[in-house]
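Hydrogens, waters and symmetry mates are skipped; everything else that's a heavy atom, side chains included, is used.
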Amino acid sequence: MYMVYWTEVDDGKAEPKSRDFASTAMSDAMQFMEALRKRQREGEGICFVTICAENPDSVGHPGVADPSPDYNWKKRRR
């Protein structure tokens, strides 16, 4: 799944927005982002255009954490 996030500013008031796209629709998400950036270049109050993806087939948990107690990786030195 992809999520596009952006902020619209009107009369000094910022309003966060988002739109979701299917995991198979990365091109659509990119085209949508480019349309938002075009509006931004034309002077509309749009900022902070970004994309985030979450892979449902990921083998590990997202984020940062300490390794599990049974993890025993060692760097080899010569």
From [atom1] ([X]) to [atom2] ([Y]), nearest 0.5 Å:
X: Gln40; Y: Trp6; atom1: CD; atom2: CH2; answer: 13.0 Å
X: Thr7; Y: Lys13; atom1: OG1; atom2: NZ; answer: 13.0 Å
X: Ile46; Y: Asp10; atom1: CD1; atom2: CG; answer: 11.0 Å

Query raised in the report: Between Lys17 and Glu15, is there a salt bridge with N-O shorter than 4.0 Å?
Result: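 Yes, Glu15 and Lys17 are salt-bridged.
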Requested in this report: May I ask you to decide whether Arg37 forms a salt bridge with Glu42, counting only side-chain N to carboxylate O separations under 4.0 Å?
Outcome: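 Looking at Arg37 and Glu42, the cut-off is not met.
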Query - Smallest separation among heavy atoms of Met33 and Val4, with atom names - result: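 Between these two residues, the closest heavy atoms are CG-CG1, 3.6 Å.
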Requested in this report: Examine Val49 and Met30 and state if one hydrophobic cluster contains both, with Ile, Leu, Val, Met, Phe, Trp and Tyr joined whenever side-chain heavy atoms are less than 4.5 Å apart.
Outcome: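 Yes, same cluster.
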Requested in this report: May I ask you to decide if Met3's main-chain N or O and Arg19's side chain share a donor-acceptor pair within less than 3.5 Å?
Outcome: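 Not confirmed, Arg19 side chain does not pair with Met3 backbone.
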**Report entry** All ring pair (Phe, Tyr, Trp, His ring centres under 6.0 Å) counterparts of Phe21, not counting sequence neighbours
**Finding:** Phe32
Report yes if the side chains of [X] and [Y] come closer than 4.5 Å at any heavy-atom pair, otherwise no.
X: Pro16; Y: Tyr5; answer: no
X: Tyr2; Y: Asp20; answer: no
X: Val9; Y: Cys47; answer: yes
X: Arg39; Y: Glu8; answer: yes

